Amino acid sequence: MQKLLFLFLLFPLMTGAQPRVTQSQVFKWEEAMDVNGITSDATSGNIFLLYQDFSLVNKMSPSGPKERYKWAVDVFSPDLKPLHRNKPQQLDMPGGDEVPIGHAVSFEGKPHLVFLLHKKKENKTEVYRAALQPDGVIGKPELAGALDGKWVEESQIMYARSADNALFLVAKHPSRDKPKEPFSYIVFDQKGNIRRKGNLQIPPEPSDLAVGYPMVANDGAIWAPVWADDKGLRQEVWVWSEGGNQPVKTDISPSDGKIATDLVLRQSVHDGFVYAGGTFAAASDGAEKGMFKSKRWHNDPNPEQGTFSLKLDSKSGKVVSRSVHTFSAATLSFWDKKPDALKKGDGLNSIRALDVLPMADGSVWVGVEQFFQIFQEGTINYTPQAIGSITDGRNFGDPCCESGVLAHHSSAGELLQEQVLGKRSWAINDNGLGYFFRTNAQGDLVALYTDHEANPGKNIVKAGQLERTLVGGYGNLRENACGAMMTMKKGEKSTTKKLFTQDETGTWFEPRLCVQVSDGAFLFVSAGRGFSYHLLKLEL
């Protein structure tokens, strides 16, 4: 591998006021590699980047093409300087098994690789962990446990940390098309030992069922949003306590005449409560039935009308308070909608919940985003699903992450502010999709995302004014991509700008590759053309 593409001195990309973004030098591989994860060492502060190399071998095999996976880990200092660059290696597995799925994680502050290996005959998926040495060499894998049931797509394997970072969840999430499949999971403690494992019992439901993405709480309980058809749509959060076989159910309907169409669960590091935030639509027979359709073509049966947030007791799961707000006139106007449209049951198509950010004062930010797919024949699937959750053989479509909305709900249930994040990105293999947002102690908001280089810095008031970029592909399709940043001081108008001061055309931000290294400091990977990448440090 070439050691690096070209050099830049480390420098801050913003000066003076927070937030501050710092970029490393730019690196390059000689062949295609996929950045698969990022973690750090608590003692040294060094950063570990996990890469995967995929290739096809023996293409003429009667049983089909054989796949080979190699893994590499590079090590960087806390100030983003390279310490060890390592070549891809095959993991030392019994029988030479190939390892297709891996995740970088820290146990007791030490970096590890957690990976999955499916055993078809045994009908289970083994979970291994391997320590990452200080020089980036991957240690001998150790069997840690197993997930029951048949193999699923990589997008159905979920990883999640508890709010206090003491627990780590690996779960085989039921597919949208077969939601009653076993919800198999393992929870590791801080030392990397198994805290709990098994299959979450899903009670028999009379008809359709949809299970959202899980969260592991500080006490080891597993939470998940659930939609069930039981003579009308039930919108609930189910909580499986540690040692409990059956879930405790809580109704999370936003209000009369509205249904929750998507939500994300997060436990607050400030007060310990669990917060749910998402989108809602007008209740109707068609909208309720549409919640269980895996293929919603051309039109979204649940036009989203606004955002809501819930404060939930972390022990009982019961709702403590609700905050429900329709989109503002300015937000609707951005998508060429008028407020009167809401009275007719209309709204914004394909708005999905992205993240929830509980604040120290009890308020909560809810981040949502327009997400759908454009297929090769040009048809549109407006299904509001989380990134990577497309199933049922439909991965050939291009995922599209369009503009987002950031809504700030007060602890008293008021809407403090609502901000449109204008952007437009299509992608291949989900690279560079979504956005990351946080606030500093002063309440200033920052969001990092991928966009077309012509969009940041412009006064864009309509979605139709946005230029579209395609990221994550090969060739010249991604030349106009750029990393971008929106900042908004409390009570002031937001501003957007390209993330990098030098010419970084063809470089996009990867929100899924993130690790928090200290209070208010986050590390990311940003990818680019020619199999290049660099590190990004955000200090709030």
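Hydrogens, waters and symmetry mates play no part in the numbers below; they use all other heavy atoms, side chains included. For reference, positions follow the sequence shown, starting with 1. Every value quoted in this text rests on a predicted model; they were computed, and no experiment measured them.
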On a heavy-atom basis, the closest approach of Gly317 and Thr250 is O-OG1, 2.8 Å
State, with a plain yes or no, whether a side-chain heavy atom of Glu288 is found less than 4.5 Å away from one of Asp229. no
So, does Ser410 use its side chain to make a donor-acceptor pair with the main chain of Gly413 at under 3.5 Å? yes
Backbone N/O of Ala281 and side chain of Lys258: donor-acceptor pair under 3.5 Å: no
If we only count heavy atoms from C-beta on, is the Thr261 to Met291 side-chain gap below 4.5 Å? yes
Please confirm whether the backbone N or O of Ile351 pairs with a side-chain atom of Glu304, one donor and one acceptor, at under 3.5 Å? yes
Separation between OG of Ser328 and CG of Leu415, rounded to the nearest 0.5 Å: 7.5 Å
Rounding to 0.5 Å, atoms OG (Ser253) and CD (Gln235) come to a distance of 4.0 Å
Out of curiosity, Glu453 CD to Leu499 CG, how far, rounded to the nearest 0.5 Å? 14.0 Å
Does a side-chain heavy-atom distance below 4.5 Å link Val105 with Tyr159? no
Do you know the tightest heavy-atom contact between Pro456 and Lys497? CB-C, 3.5 Å
Decide, yes or no, whether a salt bridge links Arg424 with Glu467 under the criterion of side-chain N to carboxylate O below 4.0 Å. no
Using modelled atom types and a 3.5 Å cut-off, is there a donor and acceptor pairing between side-chain atoms of Asn218 and backbone atoms of Ser162? no
Under the criterion side chain to side chain contact (heavy atoms under 4.5 Å, CB included), I'd like the reasoning laid out for Val368 against Leu354: C-alpha separation, chi angles, the key distance, then a yes or no. CA-CA 5 Å; Val368 302; Leu354 183 78; 5.8 Å; no
Among Val446, Leu406, Thr495, find the residue that satisfies the side-chain contact (heavy atoms from CB on, under 4.5 Å) test when tested with Met486. Leu406
Taking the side chain as every heavy atom from C-beta outward, state whether Leu312 and Val239 have any atom pair closer than 4.5 Å. no
Using atom types as modelled and distance alone, determine if a side-chain donor or acceptor of Thr450 lies under 3.5 Å from a backbone N or O of Gly432. yes
Give me the one residue out of Tyr449, Tyr435, Phe524 that meets ring pair (Phe, Tyr, Trp, His ring centres under 6.0 Å) with Phe509. Phe524
Scan for ring pair (Phe, Tyr, Trp, His ring centres under 6.0 Å) pairs involving residues 313-370, sequence neighbours excluded, and state none if there are none. His325-His409, Trp365-His408
Below 6.0 angstrom between ring centroids: does that apply to Phe522 and Phe436? yes
Of all heavy-atom pairs between Val324 and Phe280, which one has the smallest distance, and what is that distance? CG1-CE2, 3.5 Å
Distance col, row Met215:CE vs Met158:CE, nearest 0.5 angstrom, shows 13.0 Å
Between Glu402 (side chain) and Gln370 (backbone), is there a donor-acceptor pair under 3.5 Å? no
CG/Asp285: more than 12 non-hydrogen atoms of other groups inside 6.0 Å: no
Hey, could you give me the CE/CG distance between Met488 and Leu445, rounded to the nearest 0.5 Å? 4.5 Å
Could you grab the distance from atom OG of Ser363 to atom CG of Leu416, nearest 0.5 Å is fine? 6.5 Å
For Gly220, is there any backbone N or O sitting under 3.5 Å from a side-chain donor or acceptor partner on Arg196? yes
Any donor-acceptor pair under 3.5 Å linking the side chain of Ser184 with the backbone of Lys172? no
By side chain to side chain donor-acceptor pair (under 3.5 Å), which residues pair with Asp271, not counting sequence neighbours? Ser268, Tyr275
Is a side-chain N or O of Glu369 found less than 3.5 angstrom from the main chain of Arg352, in a donor-acceptor match? no
Search all heavy atoms of Trp508 against all heavy atoms of Ala481 and return the closest pair with its distance. CB-CB, 4.4 Å
May I ask you to decide if the ring planes of Phe168 and Phe107 are parallel, tilted or perpendicular, using 30° and 60° as cut-offs? perpendicular
Single hit among Thr22, Leu448, Leu523 for side-chain contact (heavy atoms from CB on, under 4.5 Å) with Leu538: Leu448
pair Ser255-Arg322: side-chain heavy atoms closer than 4.5 Å: no
Shortest non-hydrogen separation from Trp240 to Ala224 and the atoms involved: CZ3-CB, 3.9 Å
Does any non-hydrogen side-chain atom of Leu265 lie less than 4.5 Å from one of Pro225? yes
Strictly distance-based, threshold 3.5 Å: is any side-chain N or O of Ser403 a donor or acceptor partner for the main-chain N or O of Lys423? yes
In sequence, state the C-alpha distance, the side-chain angles, and the governing distance for Val35 and Glu510, and then conclude on side chain to side chain contact (heavy atoms under 4.5 Å, CB included). CA-CA 10 Å; Val35 183; Glu510 284 278 21; over 6 Å; no
Mind running side chain to side chain contact (heavy atoms under 4.5 Å, CB included) on Leu310 and Val237 for me, showing each step along the way? CA-CA 11 Å; Leu310 308 173; Val237 166; 5.8 Å; no
Taking the side chain as everything from C-beta on, heavy atoms only, tell me whether Ile460 gets closer than 4.5 Å to Thr496. no
So for atom NZ, which belongs to Lys462, do other residues, nucleotides or ligands contribute more than 12 heavy atoms lying within a distance under 6.0 Å? yes
Work out which heavy atom in Gly278 is nearest to a heavy atom in Val366; give both atom names and the distance. N-CG1, 3.8 Å
Given side chain to side chain contact (heavy atoms under 4.5 Å, CB included), test Val356 with Val364 step by step and report yes or no. CA-CA 7 Å; Val356 176; Val364 58; 3.3 Å; yes
Evaluate the side-chain proximity of Val127 to Leu147: yes if any heavy-atom separation is below 4.5 Å, no if none is. yes
Working note: Ser425 + Thr469, criterion side-chain hydrogen bond (donor to acceptor under 3.5 Å, both in side chains); need CA distance, chi angles, decisive distance, verdict. CA-CA 5 Å; Ser425 298; Thr469 187; over 6 Å; no
